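Worksheet: one structure, shown below.
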Amino acid sequence: MQVTEGTKGRNARSDIRATEIMATAGARELHDGEVVVVGLGLPEVASVLAKRTHAPRLTTLLEVGVMNPRPKDPPVGLPDSRSFYRATCWSGFLDVMGMNLHRGVVDVGFLGALELDRYGNINTTLVKDGAGKIRYVNGSAGGNDVASLAKRVIVIMRHEKRKLPLAVAYLTSPGFVGGRSRQELNLRGGGPSRVITDMGVLGFDAKTHAMSLLSLHPGIQLEALVENTGFPLHIPNDIPTTPLPSTEELRLLREEIDPKGMHLK
Amino acid sequence: MQVTEGTKGRNARSDIRATEIMATAGARELHDGEVVVVGLGLPEVASVLAKRTHAPRLTTLLEVGVMNPRPKDPPVGLPDSRSFYRATCWSGFLDVMGMNLHRGVVDVGFLGALELDRYGNINTTLVKDGAGKIRYVNGSAGGNDVASLAKRVIVIMRHEKRKLPLAVAYLTSPGFVGGRSRQELNLRGGGPSRVITDMGVLGFDAKTHAMSLLSLHPGIQLEALVENTGFPLHIPNDIPTTPLPSTEELRLLREEIDPKGMHLK
Amino acid sequence: MVDKVKSVSEVVRTIPSGSHIALGGFAIARNVIVVVHELIRQQKRDLTVSQGVVGLETDLLVGAGLVGHLIMGGGSLDRFGPAHCVNRARETKSLRWEDYTSLSVCFRYLAGALGLSFIPIKSLFASEILERLEAGPGASDVKRSKCPFTGEEYVLLRALTPDVSFIHVQIADSEGNCQINGPRWGNEEQAKAGRRLVVVAEEIVSTEFIQRSPERTIIPGHRVEAVIHQPFGALPTSVYGCYDYDADHLRLYVKHAEEPERFQEYLKAFVFGCRDHWEYLEKLGGLRRMEELRAEPISGY
Amino acid sequence: MVDKVKSVSEVVRTIPSGSHIALGGFAIARNVIVVVHELIRQQKRDLTVSQGVVGLETDLLVGAGLVGHLIMGGGSLDRFGPAHCVNRARETKSLRWEDYTSLSVCFRYLAGALGLSFIPIKSLFASEILERLEAGPGASDVKRSKCPFTGEEYVLLRALTPDVSFIHVQIADSEGNCQINGPRWGNEEQAKAGRRLVVVAEEIVSTEFIQRSPERTIIPGHRVEAVIHQPFGALPTSVYGCYDYDADHLRLYVKHAEEPERFQEYLKAFVFGCRDHWEYLEKLGGLRRMEELRAEPISGY
């Protein structure tokens, strides 16, 4: 599962980075006792932060067959030996993706996206340039399975117009396709619930299933966010500000979880 | 898989026991390099004898998830820890019965039977007394699966009229039901190939699929065998005599494989 | 980290009568005796019990009259004798039962564990097992169908998703991470098919111990609701690497199970007459007997 | 006991062009590099390659122009970059390919391993992955259908049974009993789905060693046709407990794979230019480099 990080650098109103706000917002979406399938990068950072703060009983699963690893060195990918360190269980796809995800016991799928549309459909397969020329990238790996089957899906990605288009260039992993319900689409999982970008936190309307703004990160102008969104976005009358990371959250992120700034740069 | 032993005692023509002839005849049906699912008792004794003589590369599988065990003490059943000793692999049903037997890589299923009819149908589920009263016994366990799926099936059992009836009281594990081909019956495995009793070795006609006599054990009269068979048996004109165990086979059986006479009594 | 270690009486109180429970033993090995005794003491009735190959644990429950529906692949107490109570109940038709096979029960659990509502199989064809399933209430769980790609005939089986799965393991940590020593028959599929999962562990170890060999974790902690810690918890059945079966007690059991009245005496003496598993272990001979049965480390029995 | 240890050139000579081979690596871990190099040296053409999540091994084969048909669940070289050769081949349509997902490829192998010709799944619905499969030659491998018991909609997948499965393991004995250290992704299902199975082992151990922990035997010997013994056989990809990936070489690879001509230079230098894997290891830096990459026992990397 590919994850793309926010790299807009330090936040306008403080020395807090956008990635740190994203990681903290992601962590706060995870509840204690939940089971999460995570991709590497910000989803992993967010889930570790949640475990160290309000959700010590969070279970993290990596699709390769790793449960609750506690890496001491930053892994470059899921099958990197660094991500196997101090795990409580090593199994494989059939267990993690079959006997957990397909079984319906995974609460959260935490994904990245190359493109995401207003109904939460994810593209991780290809990009089209202006001339319509196609360039292939990673494809699904576990992404489609997670998006289809997890009880809810959280997407974390950079907020750019080309990454949030009216329609994804390839529908790798379904959200609420065409605004339809998950049941109509024959999908078991509940679908996308949150999109966390470097500009704000977004959700999905319970009826129309279209994306709507939930909060703006401190220092981000609404106009800038709308400008950087490639589809019509529901904007509520009152727009809350995304809470900043607490001092303790920042300390954990900077000193313990990602001291080298590999994902939080 | 229940296995019933021959207990007719010592053979008329020598001090060789019927069970020793059975074990040897069973061993000789196994070829080097084959994969065998065995039940405990005589099938296990026969497969160990084959491994120690002409088939050192025989692979033995126990349905509980044990491969190539080398017990030093006699087990009372498949899940007895004694039958796990010095195995090369411990897995479970899904591997042994699914990824081997159902996958089609098991050459021989080596079974016992409570009742067996002329088409090689096996009953291990219930017995009916003269008045038609039913008494339940073990049921299938892996027996039906082995009979359905192994490339060929060898049955080893005592030769008694009530155990070889015209029709089994309950068809637990199919042979050539009604004389039909395995393909017609939707069965993948090749079906029964040999029946080894304490009186002779029997096979199945390639066309009619009915049982026929292949050889008589030394000292056994044809009339006695026919008398003890509950269905019409094809009898060839020339009836060979089952070869006696060699001196080395007897030594292995008596001194190394079953020194306490647990299965060869 | 959460501590899931609970007492058996506490756990069994949460199992309603009428539940479908799946049991993890095989004949005379790794039976969840401590759970079954408590189900009998608390008189949980009208249970549906499913098991790959039944053993003493199911025989006890059926003999105690608590089972209304039995889904089984066969079984006995190996050389010690048949499962008298199960067989008698079938003869007297005092319960509804469906006969399957080891692999078909395993496939039904596998489907449940994978979140598939059905799975194909090539066993059962041309047998009276399938015929009787199709002719009875079991008909709603089996259906003949063709492979859409090859045209081959299959029996489709309905997934089994027991309300509660019970398994007996050698080692668990307090979060529920379980490691099984020896062959595992259908335990992984049966355990993960359950909507709830309770394990009985011979020994509770630290999570650090689990982390030393995570490839041996067959059941990860997040799937486990409760861990019951009970040394010698499977006696008189065996637990590889921990202790041998108690052959004397198995013979005594079979002798009692042969006759309904004698079976009631057995229950009185060894179940109702014991406040808990420790008292039961004393009746089996206490410390001295346990030391006789304790496994020798090389052989595992 | 039979000795199945063979040289890679001997084994690859038995693989006909046009074969369907399944590869066991995942991105940058446990790739069967030694086999892939030899397939390239022996110019085995028109291969069908299937893999859960592709990595360097498949990128090499595709780049070398030997793959006619690719069945894949996705993949990249993780942070080192994309699978340039695979992506370029899809862009230029120089091969037939079908995109799946990690789980759907795993389920197709699982069906193959279990001897089922099909298996249901609840992924793929409402995606362009399914749409494209149904619109192309992949249509013969997927079919929508309903569960006969619940009425739920499923995608039925056709089993995958590769002609030859290859996996890289840490430990095998000469009979082929294999033990894998670390997570196993889809290796067990992929290996057992194969009609033939070849393993590359870092180390050959005695059968007595295997018998000390038989619960770790993921592939039993009787399923294995040949064991190729090659220390550092997966480099530049990592093998848990044995060595880390060679980050320098991975970067060099990605740099070359970006452009077809530079990729040919890579093949010339590191595949055609090496008589065998030992010579290749010398080019990667020989003993001194191998000792740098060798895993430290506690961390496993």
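Small disclaimer: the values here were computed from a predicted structure and weren't measured. Residue numbers start from 1 in every chain, and the chains themselves are labelled A, B, ... in the order their sequence lines are given, proteins ahead of strands.
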For chain D, find which of [options] contributes the most heavy-atom pairs closer than 4.5 angstrom.
options: Lys72(A), Arg86(A), Arg82(A), His102(A); answer: Arg82(A)
options: Glu184(A), Arg135(A), Lys133(A); answer: Arg135(A)
options: Ser91(A), Gly77(A), Gly65(A); answer: Ser91(A)

Stepwise side chain to side chain contact (heavy atoms under 4.5 Å, CB included) check, Val53(D) with Glu63(A): CA-CA 11 Å; Val53(D) 174; Glu63(A) 69 168 272; 4.2 Å; yes

Region of [X] in contact with chain A, defined by heavy-atom distances below 4.5 Å:
X: Glu188(D); result: neither
X: Asp244(D); result: side chain
X: Ile298(D); result: both
X: Leu124(D); result: both
X: Tyr245(D); result: side chain
X: Ser238(D); result: side chain
X: Arg132(D); result: side chain
X: Tyr100(D); result: backbone
X: Ile218(D); result: neither

Look at the side chain of [X] and the backbone N and O of [Y], then say whether any donor-acceptor pair between them is shorter than 3.5 Å.
X: Asn138(A); Y: Gly74(D); result: no
X: Arg90(D); Y: Val137(A); result: yes
X: Asp145(A); Y: Leu103(D); result: yes
X: Ser102(D); Y: Gly142(A); result: yes

Which portion of [X] sits near chain D, non-hydrogen atoms under 4.5 angstrom:
X: Arg180(A); result: neither
X: Asp73(A); result: both
X: Ser81(A); result: both
X: Val64(A); result: both

Just verifying a value: how many Å separate [X] [atom1] and [Y] [atom2], rounded to the nearest 0.5 Å?
X: Leu130(D); Y: Asn144(A); atom1: CG; atom2: CG; result: 9.0 Å
X: Tyr170(A); Y: Asp99(D); atom1: OH; atom2: CG; result: 5.0 Å
X: Thr125(A); Y: Ile129(D); atom1: OG1; atom2: CD1; result: 5.5 Å
X: Asn87(D); Y: Ile134(A); atom1: CG; atom2: CD1; result: 12.0 Å
X: Glu189(D); Y: Phe93(A); atom1: CD; atom2: CZ; result: 9.0 Å
X: Arg79(D); Y: Asp80(A); atom1: CZ; atom2: CG; result: 10.5 Å

For the student: nearest non-hydrogen atoms of Ser127(D) and Thr172(A), plus distance: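 Heavy atoms only, the tightest pair is CB-O, 3.6 Å.
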
Any side-chain heavy atom of [X] within less than 4.5 Å of one from [Y]?
X: Glu128(D); Y: Val168(A); value: no
X: Pro75(A); Y: Asp78(D); value: no
X: Asn186(A); Y: Glu152(D); value: no
X: Trp90(A); Y: Asn181(D); value: yes
X: Phe84(A); Y: Pro183(D); value: yes
X: Met97(A); Y: Cys106(D); value: no
X: Phe125(D); Y: Leu187(A); value: yes
X: Leu110(D); Y: Leu94(A); value: yes

Looking at chain A, which one of [options] has the largest number of heavy-atom pairs inside 4.5 Å, strictly under?
options: Arg88(D), Glu91(D), Arg30(D); answer: Glu91(D)
options: Asn187(D), Ile121(D), Val155(D); answer: Ile121(D)
options: Ala29(D), Gly182(D), Ser76(D), Ala27(D); answer: Gly182(D)

Heavy-atom neighbours of Gln183(A) CD exceed 12 at 6.0 Å: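 Atom CD in Gln183(A) is not packed in, count stays at 12 or less.
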
Greater than 12 external heavy atoms within 6.0 Å of Lys151(A)'s NZ: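 Above 12, so yes.
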
